[in-house]
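Report on the following structure.
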2 protein chains.
Amino acid sequence: MISAMATSGTQRAKKPREETARRREDILRAAMSTFGTRGYKNGSLAEIADQVGMTHAGVLHHFGSKDQLLLEMLDYRDRTDVEHLADQHIPGGLDLFRHLVTTARRNAERPGIVQTFAVLSADSVTDDHPAKEYFRGRYTQLRSDIREALHEVCDPDDPPDDAMVDAAAAAVLAVMDGLQVQWLLDPEAVDLAYASAFAIEAVLTAAVGGRRRRRMLEY
Amino acid sequence: MISAMATSGTQRAKKPREETARRREDILRAAMSTFGTRGYKNGSLAEIADQVGMTHAGVLHHFGSKDQLLLEMLDYRDRTDVEHLADQHIPGGLDLFRHLVTTARRNAERPGIVQTFAVLSADSVTDDHPAKEYFRGRYTQLRSDIREALHEVCDPDDPPDDAMVDAAAAAVLAVMDGLQVQWLLDPEAVDLAYASAFAIEAVLTAAVGGRRRRRMLEY
DNA sequence: ACTTGGTTACTGACCTGTAAGCAAGTGTGG
DNA sequence: CCACACTTGCTTACAGGTCAGTAACCAAGT
C-alpha cells in the first residue's frame, strides 16, 4: 500500500534509514491519536511516546519540539489522506461534491481522525496557536476549490452571484465540520453521512438554482 | 504584612451580598474571556483572577474548582443570553429560523462570545471534558427545537420525512457552528451573517420542499 | 571513528487545590 | 448604641503534580 514510494533508483544515500522513517511515522500516528483525544495543549509528549514505546525525550529527538510535531503531523495526515485517491488529486465540478459526500461516509467509520481534526481546527482559533496558519490556509484553499467547482457546475452564460458562491463554499465546509462535532458528542443522535449528504445537496441546489435539479448526489 | 488597600475615605460597604454577586459575575465574565481566548485547559485561574484584580485562590473561594467555574460560566451565559429576548423564550415555526439568522448577525458583532463557544464546544468532545454533558444536552435540545419548528412550517397533511427533518435540524446548527470557526480564523474571508442566512435558507428549502418558496428569510 | 537513535536525569515553568490567617463588615444580646 | 463573636472575602504560602525542553551519555550500526 505504502511501500511504493521507496522506489526511484537514486537511493538517497545515507540519509533516510528505513527503520527510522517508520519510527517517525509511528510517532506521527500516535500524535494524531493523542492530540485528537486530548487536544493539543492537554496531550503530552509522554503519552505519545508511550504509544510507540519510548520516552518523551526520544520523541523530541525526532521532532525537536511539540509544535513541530503537530505541524508535521498535520502535514503527514494531508499526504496520506490523498493516497487513497487513485489519481492523487481532488476532483472538480460535480465530482468534488460527490467526493465530499464520500469523505463524510468514510469519516463515519473513523471517529479518531474526525476527532483529531474537529478538536484541532477549533483549538486553532485560540491565541497564538501553532496550527492557526495551517488551518487558515487549509480553509482558504478548500473554499477556493469549492467555489471553482460551483462555477463549473453552472451554466457559464448565466453565472451565479459571487457573494452567494462564496457563502455556499464556506457553508459546505461548515456543515461538514459542524456535523462532525455533533456526531462526536452524540453518535446515536446524528447520522453523519446522511446529514452531510443532505446538507451539501441543499446548499448546492440553493447555489446553482434551477439549472440542475434533484438527485445530483447519491446516498 | 500587606498594607491593605483599605484606603478608607468614603468606603461604602453596605450590601456585601449584592456586592458579592457582582464580584462573581465579574469572575464569570473574565472566565468567558479567558476560556474563549485560550481554551479550557490552557486558560488558567490566575489569568482569570488577574482580570478582576484578585488571586487565583480568591476565584476558588467563590467557585470551589475550575470545573465548577466552567459549568457556572456556561449556565450564566445561557441565562444572560435570553435576557435580550423580550418574551424570554425562543420562538417556534418560521420565527425560529428568523431568530437564528438574527443571532448570526448579532454574533458577527461579538467575536469574543463566538470564540468562547466555538472553542469550548469542540474542546468538549475530548475525553473526560467537564462540559461534555452540557454540550451534548444543549445540542439535543436545540435539534429538537428545530425539528419541531420544521414540522410547524410544513403542511400537516403532507408531513416531511423524519430522517430528513433530523438531518436538517442537525445541519442548521452545524453550518452556524462551522461558519463561526472559519470566520474566527479569517474574518475577511467569510461573511458570517450572510453565509449563515444563505445556508439556513438552503436547508430550510430542501427540507420543506415546494410548500414554501423563495425568500422565507430576509437578510 | 563517526553518526544515529535512543536513554536517564534534571531544570524551570506553570497549574490546581488546600490551609491558615486576617481585616473588614454583620448580627445579636444587653 | 455598643461590645463582641461570627461570617465573608479575600490573602499568602505551600504541597503536589505535570510538562516541555536540555544535556550528557551510551549502544549500536556503518
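Quick caveat, the model's predicted, so the values are computed rather than measured. Numbered from 1 within each chain, the chains take letters A, B, ... in sequence-line order.
One interatomic measurement links the two molecules: CD1 of A:Ile48 to P of D:dT18, which rounds to 17 Å at whole-angstrom precision. Between the NE2 atom of A:His61 and the P atom of D:dA27 there is a distance of 16 Å, rounded to whole Å. Atom CZ of B:Phe63 is separated from atom C1' of D:dC10 by 14 Å (rounded to the nearest Å). Regarding B:Arg24, its CZ atom lies at a distance of 13 Å from the P atom of D:dT8, rounded to whole Å. For the pair A:His62 NE2 and D:dG21 P, the interatomic distance rounds to 16 Å; values are reported in whole Å. The nearest whole Å value for the distance from the CD atom in B:Glu18 to the P atom in C:dT26 is 12 Å. The nearest whole Å value for the distance from the CG atom in A:Leu69 to the P atom in D:dC19 is 15 Å. Spacing between atom CD of A:Glu19 and atom P of D:dT30 amounts to 11 Å, rounded to whole angstrom units.
Figure legend: B:Lys41 and B:Phe35 shown without cation-pi pairing, the cationic atom not lying both under 6.0 angstrom from the six-membered ring centre and within 45 degrees of its axis.
Here B:Arg23 does not reach the OP1 or OP2 of D:dT8: none of its side-chain N or O atoms lies under 4.0 Å away.
Using a 4.0 Å cut-off between charged nitrogen and carboxylate oxygen, A:Asp166 and A:Arg147 count as a salt-bridge pair. Salt bridge status for A:Asp81 with A:Arg110: present, with a side-chain N to carboxylate O gap under 4.0 Å.
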request  = Go along nucleotides 8-16 of chain C 5' to 3' and tag each nucleotide: B for a protein heavy atom under 4.0 Å from its base, S when only backbone or sugar atoms are that close, - otherwise.
outcome  = B------SB
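When atom types are taken as modelled, the side chain of B:Gln115 and the backbone of B:Gly36 share a donor-acceptor pair closer than 3.5 angstrom.
Remark: A:Asp75 engages A:Arg79 in a salt bridge (charged side-chain N to carboxylate O under 4.0 Å, His left out) (not counting sequence neighbours).
Once rounded to the nearest 0.5 Å, the distance linking OG1 of B:Thr34 with CD of B:Glu47 reads 3.5 Å.
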